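What you see is a predicted model, and the numbers here were worked out from it, not measured in a lab.
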Amino acid sequence: MNFKKTWTKQYGKSEIMTQSNSSCKLVEVDMLRLKDGEKKSYREEGKEYGVLILCGNCSVNGVGFSFEKIGRRKSVFDGPATCVYIPRNTPFTITAVGEAEICISKSPAFSDHEPKLISPDDVIIKDMGKPGWQRQAHFILDERTGADILYIGEAYVKGGQWASYPPHKHDDDNMPTEAATEEIYYYEFKRPEGFGIQKVYTLEGDIDETYTVKTGDWVEIPRGYHPFHSAPGYDSYYLWIMAGKDRGFYMTTDPNHLWLNK
């Protein structure tokens, strides 16, 4: 099996994860790189959307809402993100204002919610971990936004540090301890030659994958533990997109490494 995919940052729309090419079945992803004035429209029924602006500016418009010229950052390392939540059965159009890079995540939805603009000022920032596995987590489309299954944030990891560590998983429906939640990661590095290591594994051993990841790479995490390491000297960023009926950080630690939490 291969859980890794790559976005080449070509202009236009790139379908990164679909129902036919992904091990994850609750979330699909498109990546947009748009030139000034270029438009992309969506009208898929029965799906909710998270429109996260990686860099640049755009407008997002639909019936009953208009978010004009949103987005503040020049790169993913330039502060918190801007995001728009679009509920099911709501056609919308994205128009680039200057050049923009945008992640479109979409998931099955069964309830009606309101469109919502999540500005950088709305992002909750938390410093997490201990020396050796410290990172800064940004909570973006979280419990504060009405949604069915999408839950989105970002993380920043200094070179030489681990994240998603000690290794944790969220694939068993055992609430309130653990939720059955799929996840995918998208990576960028401050330096173009930067890289990291992503593992995905289960205790049963049916999944045991290790990937070298660079800017533009994605890794699917349909289940299992998934620690990430940013190579020394290379600060990194990853976008995390979770999808499951119990939205939040409900997870358990690999019992072999549980002592690290003490």
Side chains of [X] and [Y]: donor-acceptor distance under 3.5 Å anywhere?
X: Glu28; Y: Thr18; result: no
X: Gln198; Y: Tyr187; result: yes
X: Glu114; Y: Tyr85; result: no
X: Glu209; Y: Tyr211; result: yes
X: Asp122; Y: Ser119; result: yes

- Task: Please determine which of Lys169, His226, Arg223 meets the side chain to side chain donor-acceptor pair (under 3.5 Å) test together with Glu183.
- Result: His226
If the threshold is 4.0 Å, N to carboxylate O, is there a salt bridge linking [X] and [Y]?
X: Asp235; Y: Arg191; answer: no
X: Glu182; Y: Lys25; answer: no
X: Arg247; Y: Glu143; answer: no

- Please report the shortest heavy-atom distance between Ser230 and Phe189, naming the atom on each side. OG-CE2, 3.9 Å
For residues [X] and [Y], determine if any side-chain heavy atom of one lies less than 4.5 Å from a side-chain heavy atom of the other.
X: Thr145; Y: Cys83; value: no
X: Asp171; Y: Glu178; value: yes
X: Lys245; Y: Asp173; value: yes
X: His170; Y: Met242; value: yes
X: Ile241; Y: Trp218; value: yes
X: Gln10; Y: Arg33; value: no
X: Ile149; Y: Pro108; value: yes

When you measure from the side chain of [X] to the backbone N and O of [Y], does any donor-acceptor pair fall under 3.5 Å?
X: Asn89; Y: Glu45; result: no
X: Asp112; Y: Arg88; result: no
X: Glu154; Y: Leu239; result: no
X: Ser107; Y: Leu26; result: yes

- Can you check side chain to side chain contact (heavy atoms under 4.5 Å, CB included) on Phe65 and Ile86, steps first, answer last? CA-CA 10 Å; Phe65 65 94; Ile86 308 290; 3.7 Å; yes
- Task: Could you tell me whether Tyr201 atom OH has more than 12 heavy atoms of other residues or ligands within 6.0 Å of it?
- Result: yes
- Item | Aromatic ring pairing Tyr185/Tyr238, orientation class (parallel under 30°, perpendicular over 60°, tilted between) | tilted
- Task: May I ask you to decide if the ring planes of Tyr237 and Tyr186 are parallel, tilted or perpendicular, using 30° and 60° as cut-offs?
- Result: perpendicular
- Query: Between Phe139 and Phe249, does the ring centre distance come in under 6.0 Å?
  - Reply: yes
